[in-house]
Each structure stands twice: as C-alpha cells, then as structure tokens.
Amino acid sequence: MFARSLRFAAAIGLLLVLASCTLLHGRSIDRPLVYYVRNVTVMADARIPLDLIENVDRRVSAAIAATRAPQGAERVVLLVKIDRLGFGEGARRRLAQVKFTVTATSVETGEPVAQGAFTVNSPTDEPRWARQALAEEIAARIRFAFSLTTPRIRKAPPPARTISTRLRTDPALVTAPNKSPLSPRAAIAPISAPQKPVVVTAPAVPAPPAPQEMAAPPVAEVTQPTRPAAPAQPARRAADIGKGTPVEQGAVGAIRLRPDCDPAVTSNCSATP
C-alpha cells in the first residue's frame, strides 16, 4: 500500500515538473492564438530540400504582410523548424509527410511565449506538385495557429475583346506610329515665333559650250588608169594554119599569149610580155 502511494506521488510530481517546464518555455498551441507577428524564420538540416524551405518562408511572410496588426497584442517572431520529411503510414504511405515545430518568441523579452509541434501530409503524390502542395499545407497550419490572414492571389484582368467588322478581303489598315506624349514642362514652354526657313542655294555652274562640228577632210578623187585598147587582130583563114600549130586543122580559134597582142599575127608583138 505504501509503495503504491509512493508511485502515485512520484507520478504527480512528474506531471507538476512537466507543467512547470511548459509554463516556463511557453504554452502549447492547441487553439488559434492572437499575436502581433512581425517576422518568421524557417530552418532545417541538410536533408530537407531547399525549395521546400524557401516556399514555406515565402508563404508565411506573405501572410504576415497581409495581416492587420491586432490592438494590444504582444509582438512576437516565429521560428519554424522542419524536423522530419518522410512518408505517411497506412493509406498515406505514398504521400509526403512533414513534422515541424513552431516557436513564438517575444520581441520585448526574448522568451518563448508559445510552442507547438505539428504533422502535415501532402494532398497529392504527383512529383511535379508534391513540394508546392506540402509547403502550402505547412503554411496553412501556421496561419491557422497564429490567426494570420491568407493573402489574396492577384488575378490579371482578361484582355479586352474587340469586335471588328472588317472583312478578310478588305485591304490592311494603315496606322501611324504613336508619338511620345509631351512632358508637362514641354507643354507649358513658351512658343517662339516661327522662323523663316533658310534656303541654301547651290553655286551657279556655267553651262558647257555646245559641241562644234568638225569639218571633214578633203577627199581627193582617185581616177583609175585606163589601159590602151589592144590593136585589132586580122582574122586568119583555116587554110593558112599549118600543122604543128596549137589549133587543129579544121577548127576555128585563136590563142593569145598576151592580152594586148598576138605574136602570131602581129609582127611587132614580142613573145614575152
């Protein structure tokens, strides 16, 4: 009986020690807390991917910037420490799982005022989106624990749609280039009187003289020398032509060795020209 009472007393004492440690180092985060969160720091060891740390820090920082400062709330800074990155159990064995700890430290005293350990699972096992989804789950849990505002996603306005009645067969429109607008200083500048344009005249160049026609050189008439006519040759009878002559007997013909005379007929005509 005494031993049972001793064990019960030891258990009560251990619970009191744990409670004192919790109160000393900050209360556990079991419900949304209201603090004036000023900054956040995300840290992890080398086994945690760097892009996961950066995505968590970026999302929580955007939530802090979007949150309005509560009146009279204590100013704190958050320290997020990612302890383990692995996979879930059972039905979540294919989903990534992260265990992390969040500590809120007072800016005035430097003492931790709240601390909590959380476990989140990725909603998808798609390799392309698993890290982004996991970072969003961590940031969402931190936003809920410290009553932070979820930042709004900026949406770009859709481009204005214009209706044109121009047919495809119509010629293309000619548009003038946009001129840069005048600055306010240029708009109020005094307008000076217009100046006459300066006309630059080129020096007069004298016209070249008209080309003169050259007289043709005199052409001397060339007269062809006339040859003297050959003297008439008397005809010879066939009976006078003997044997051994160039003309066969009984034929009529004449053979001249020179174009002007015939030595056989003319006595004064030499045989050689």
Side-chain angles (χ1 to χ4, degrees), residues 11-89 92 95-124 128-157:
I12 294 297
L14 181 59
L15 291 176
L16 292 176
V17 171
L18 293 177
S20 62
C21 293
T22 303
L23 294 176
L24 181 62
H25 297 288
R27 64 179 183 272
S28 177
I29 303 174
D30 52 1
R31 58 183 178 83
L33 305 177
V34 179
Y35 288 104
Y36 182 18
V37 182
R38 303 298 305 274
N39 202 352
V40 63
T41 302
V42 183
M43 59 183 302
D45 55 14
R47 296 174 297 177
I48 307 302
L50 183 60
D51 57 346
L52 179 61
I53 301 174
E54 293 177 349
N55 289 330
V56 173
D57 185 272
R58 177 170 54 85
R59 284 172 166 81
V60 178
S61 298
I64 294 173
T67 303
R68 181 178 299 179
Q71 295 294 333
E74 186 178 1
R75 297 186 303 168
V76 297
V77 292
L78 301 182
L79 175 61
V80 181
K81 183 177 183 301
I82 301 177
D83 301 318
R84 178 182 177 274
L85 173 61
F87 293 92
E89 298 177 357
R92 297 192 179 99
L95 302 177
Q97 185 183 79
V98 168
K99 293 182 178 181
F100 63 97
T101 304
V102 182
T103 303
T105 304
S106 175
V107 176
E108 285 77 9
T109 62
E111 297 293 332
V113 296
Q115 185 177 12
F118 306 95
T119 301
V120 295
N121 297 276
S122 175
T124 178
R128 294 177 299 176
W129 314 110
R131 297 277 179 80
Q132 297 290 339
L134 193 59
E136 179 61 28
E137 290 293 326
I138 298 174
R141 190 67 182 90
I142 296 174
R143 289 196 300 262
F144 174 78
F146 289 91
S147 304
L148 300 177
T149 303
T150 302
R152 298 180 59 183
I153 300 176
R154 295 182 179 179
K155 295 182 179 180

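Here the structure is a predicted model, which means the values were calculated and not measured.
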For this session: Would you sort out whether R68 and T149 count as a side-chain contact (heavy atoms from CB on, under 4.5 Å), showing the intermediate values?
Result: CA-CA 8 Å; R68 181 178 299 179; T149 303; over 6 Å; no
Exercise. Salt-bridged, E137 to R59, with N to O below 4.0 Å?
Worked result: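 No, no charged N to carboxylate O under 4.0 Å.
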Please give me the minimum heavy-atom distance between [X] and [Y], naming the atom from each residue.
X	Y	answer
T67	A63	OG1-O, 2.6 Å
Q97	N121	NE2-OD1, 3.0 Å
Y35	P70	O-CG, 3.9 Å
V113	S106	CG1-CB, 3.9 Å
Y36	A73	N-CB, 3.7 Å
S61	V40	OG-CG1, 3.5 Å

Can you find a pair of side-chain heavy atoms, one from [X] and one from [Y], that are under 4.5 Å apart?
X	Y	result
V80	V60	no
R47	L85	no
F146	I64	no
V77	T41	no

For this session: Please indicate whether E108 has more than 12 foreign heavy atoms, meaning atoms of other residues, nucleotides or ligands, lying under 6.0 Å from its CD.
Result: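 For E108, atom CD is crowded (more than 12 foreign heavy atoms under 6.0 Å).
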Problem set entry | Side-chain (S147) to main-chain (L33) donor-acceptor, under 3.5 angstrom |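 Yes; at least one donor-acceptor contact below 3.5 Å.
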Exercise. Would you find a donor on one side and an acceptor on the other, under 3.5 Å apart, between the side chain of T124 and the backbone of A130?
Worked result: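 No.
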Can you tell me how far the [atom1] atom of [X] sits from the [atom2] atom of [Y], to the nearest 0.5 Å?
X	Y	atom1	atom2	result
E136	S122	CD	OG	11.0 Å
T105	E74	OG1	CD	10.0 Å
L52	L134	CG	CG	5.5 Å

Exercise. After noting the C-alpha distance and the side-chain angles of V98 and I82, does the key distance pass the side-chain contact (heavy atoms from CB on, under 4.5 Å) rule?
Worked result: CA-CA 7 Å; V98 168; I82 301 177; 3.8 Å; yes
For this session: Only counting residues at least two apart or in another chain, list the ones meeting side-chain hydrogen bond (donor to acceptor under 3.5 Å, both in side chains) with R131.
Result: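 Counting only residues at least two positions away or on another chain, R131 forms a side-chain hydrogen bond (donor to acceptor under 3.5 Å, both in side chains) with D51.
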